[in-house]
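Proteins come first, then strands; the chains are lettered A, B, ... in the order of their sequence lines, and each starts at number 1.
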Amino acid sequence: MIDRQLLRDEPERVRDALAARNMEGVDIDRVLDVYDEWRSLKAEGDDLRHERNEVSQKIGQLKQEGKDEEAQEAIDRSGELKTELQELEARADELEAELDDALMELPNLPHESVPVGADEADNEEVRRVGFDDLRELPDEVTPHYDLGEELDIIDEGRAAKTTGSGFYFLKGEGAMLEHALVQFMLDVHREQEYVDLFPPIPVKTTSMEGTGQLPKFAEDAYRIGGSETENYEDDDLWLCPTAEVPVTNMYRDEILLKDDLPLKHQAYTPNFRREAGEHGTETRGIVRVHQFNKVELVNFVEPEESYDRLEALVDEAAEVLDRLGLPYRVLSLCTGDLTFASAKTYDLEVWAPGTESDDAPEQGGRWLEVSSASNFEDFQARRAGLRYRPERHESAEYLHTLNASGTAVGRVMVALLEYYQNEDGTVDVPEPLRPYMGGREVIEGHEPVGEAAVGAGKKD
RNA sequence: GGUGGGAUGGCGGAGUGGCCUAACGCGCCUGCCUUGAAAGCAGGUUUCCUCACGGAAUCCUGGGUUCAAAUCCCAGUCCCACCGCCA
């Protein structure tokens, strides 16, 4: 949530920011009108209350002095004031609720260093890493979904039976690779002084609002025990769409000490997303699925440090790709492609050579977003009540929150399966991952199970 | 799931209808005093409205009773204890 004072002081800045984000249909003037009207009602109500407090106090005195008649007059007056107050405050409450609702739906203002642009085509490439010294690839790189099936380490068909489309089983070396990547990532980030968290997976509506998933993006989330489009209560539960939600909200409504900052947490969780509106895209493979695992990095910092921290955070996330030897690039997202709560975002896109796309490096393949590092400034902190006290005697201030997916596990796996693929269809395990794979150097796959494999001629 | 107890400011903790503008203690900040420090003294230490003066709100949350609620009533949340059930 942006500071409502800012909205009043610099409405033009907010208008410009919305325009840069391609946000249409937000009536800032209407919001300002509501704000003005609320403030004048609030002032009026405060005056009425003041009078009521004075009258009330007098009643006590008069009664003690035995002046019953005068006391009764005061009681009558108090009754009138009460009626007036009720009417006025009912109206004021409506206005304040309307103001809050409107503010909750306003996105964050982009930082001045964010490139202005309409959509992802205008994102700025900041740097490209690992392309100078590429590994020798097979003539034809098999896409991960075909390879995963051939090696029998990814099984989408059977997951559709147990759960539905958009889910998958990992089997044998596939499952091992998942565990290995997770443990490897956690270790890398522990070296960077992250403290591990293992959060609860269901999260309340208020938590989803705190980080900005709600109220605007209900259709993307899985709600427990109700439809996403139905009205929901503060305590209703949703399935964690990213560990950012439980981890950031962990310190909701608390005041941290200056010494607590910077606070660096990492959390490994499953993530659930409906991917509404994405049907028909990415039907094959594990690039866009309803459940994936992710190690998330969350930082709480002092406001003046947040932009330095953002740069460092990108490096911390990229460290995983560096060590795995996967080529990638770093993008600065333009204003039109920023997410709702973010003031500035860098994306890490790993190179997946298995499938072709329009937007690809000269070597072919495609870019795959594996991490998004964002500075939310005080946008989430204001929603979630995250404050710190700069000096013991000073009043508490909103701190700044940042997060980065410490690289999505599934998508890194896609890149690994394609980039480390050998001519014979096996996959090399990159050196740093081997200790986490029981020393295994190559993924060779499994004999398929079941009669269907015999029919397809893959088994005798 | 059941029964009982509890939730008060930065912290500890009093307060069972009007003097609560929340005692008392601790911490922290500013000022006075001091060569400096300690002690002592004074003020301060939440949010909102107001250019300001000032005002309002705030004792877990939401309703209610009352002229008046930290205090009484109802509902909920969380914490503690014990019982039951169960990985």
Run the salt-bridge test on [X] and [Y] with the 4.0 Å N-O cut-off and return the result as yes or no.
{"X": "A:Arg49", "Y": "A:Asp46", "value": "no"}
{"X": "A:Arg30", "Y": "A:Glu98", "value": "yes"}
{"X": "A:Asp234", "Y": "A:Lys204", "value": "no"}
{"X": "A:Arg309", "Y": "A:Glu316", "value": "yes"}

In this structure, how many angstroms lie between the [atom2] atom of [N] and the [atom1] atom of [X], rounded?
{"X": "A:Arg52", "N": "B:G18", "atom1": "CZ", "atom2": "C1'", "result": "13 Å"}
{"X": "A:Ile59", "N": "B:A69", "atom1": "CD1", "atom2": "P", "result": "11 Å"}
{"X": "A:Asp253", "N": "B:G10", "atom1": "CG", "atom2": "C1'", "result": "16 Å"}
{"X": "A:Asp236", "N": "B:U77", "atom1": "CG", "atom2": "P", "result": "13 Å"}
{"X": "A:Glu54", "N": "B:G55", "atom1": "CD", "atom2": "C1'", "result": "10 Å"}
{"X": "A:Asp93", "N": "B:G63", "atom1": "CG", "atom2": "C1'", "result": "13 Å"}
{"X": "A:Leu48", "N": "B:A57", "atom1": "CG", "atom2": "P", "result": "11 Å"}
{"X": "A:Leu85", "N": "B:C67", "atom1": "CG", "atom2": "C1'", "result": "13 Å"}

Taking the [atom1] atom of each, how far is [N] from [M], in whole Å?
{"N": "B:C20", "M": "B:C53", "atom1": "P", "result": "26 Å"}
{"N": "B:U30", "M": "B:A81", "atom1": "P", "result": "42 Å"}
{"N": "B:G5", "M": "B:A87", "atom1": "P", "result": "32 Å"}
{"N": "B:C19", "M": "B:A68", "atom1": "P", "result": "14 Å"}
{"N": "B:G76", "M": "B:A7", "atom1": "C1'", "result": "14 Å"}
{"N": "B:U58", "M": "B:A22", "atom1": "C1'", "result": "11 Å"}
{"N": "B:U65", "M": "B:G17", "atom1": "C1'", "result": "12 Å"}
{"N": "B:G10", "M": "B:C48", "atom1": "P", "result": "14 Å"}

Donor-acceptor under 3.5 Å (A:Asp220 side chain, A:Arg273 main chain):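 Not at all, since once roles are kept as given, no pair shorter than 3.5 Å links the two residues.
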
Side chains of [X] and [Y], heavy atoms from C-beta outward: is any pair under 4.5 Å?
{"X": "A:His400", "Y": "A:Phe300", "answer": "no"}
{"X": "A:Gln213", "Y": "A:Thr242", "answer": "yes"}
{"X": "A:Leu256", "Y": "A:Leu261", "answer": "yes"}

Contact list for RNA chain B against residues 28-47 of chain A - heavy-atom distance below 4.0 Å: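 By residue number: A:Tyr35, A:Trp38, A:Arg39, A:Lys42, A:Asp46.
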
Contacting residues from residues 74-84 of chain A, given that a heavy atom lies under 4.0 angstrom of RNA chain B: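 Within residues 74-84 of chain A, the residues near RNA chain B are A:Ile75, A:Ser78, A:Lys82.
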
Aromatic ring pairing A:His290/A:Phe167, orientation class (parallel under 30°, perpendicular over 60°, tilted between):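 Geometry flag for A:Phe167 against A:His290: tilted rings.
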
Ring geometry between A:Phe198 and A:Tyr268 (parallel below 30°, tilted from 30 to 60°, perpendicular above 60°):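 Ring orientation of A:Tyr268 relative to A:Phe198: tilted.
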
A:Ser56 side-chain proximity, nearest of B:A57, B:G18, B:A56: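 From the listed options, B:G18 comes nearest.
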
Nearest to side-chain heavy atoms of A:Arg49, which nucleotide of B:U46, B:C49, B:A57: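 Comparing B:U46, B:C49, B:A57 against the side chain of A:Arg49, the answer is B:A57.
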
Sugar-phosphate, base or nothing in reach of A:Arg252, heavy atoms under 4.0 Å: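 The residue A:Arg252 makes no contact with any strand.
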
Stepwise side chain to side chain contact (heavy atoms under 4.5 Å, CB included) check, A:Arg91 with A:Glu37: CA-CA 10 Å; A:Arg91 175 77 186 129; A:Glu37 201 182 336; 3.3 Å; yes

B:U47 phosphate, OP1 or OP2, under 4.0 Å from A:Arg382 side-chain N/O: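 Answer is no, no contact under 4.0 Å.
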
N or O in side chain of A:Asn53 less than 4.0 angstrom from B:U21 OP1/OP2: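 False: A:Asn53 side-chain N/O out of range (4.0 Å or more) of B:U21 OP1/OP2.
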
Intra- and interstrand pairs of RNA chain B - dot-bracket, Watson-Crick/G-U under 3.5 Å, | marks other strand: ((((((((.[[[..)..(.....]]]((((((.......))))))((((....))))..[[[[[..)....]]]]])))))))....

Identified ring-ring contact (aromatic ring centres under 6.0 Å, His included) counterpart of A:Trp238 within the set A:Phe272, A:Tyr222, A:Tyr232: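 By the ring-ring contact (aromatic ring centres under 6.0 Å, His included) criterion, A:Trp238 pairs with just one of A:Phe272, A:Tyr222, A:Tyr232: A:Tyr232.
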
A:Asp187 versus A:Gln183, side-chain donor and acceptor atoms under 3.5 Å: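 The answer is no; no qualifying pair exists.
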
RNA chain B: 5'-proximal contact among A:Ile255 and A:Glu51 (nearest heavy atom):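 Here A:Ile255 is the residue nearer the 5' end.
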
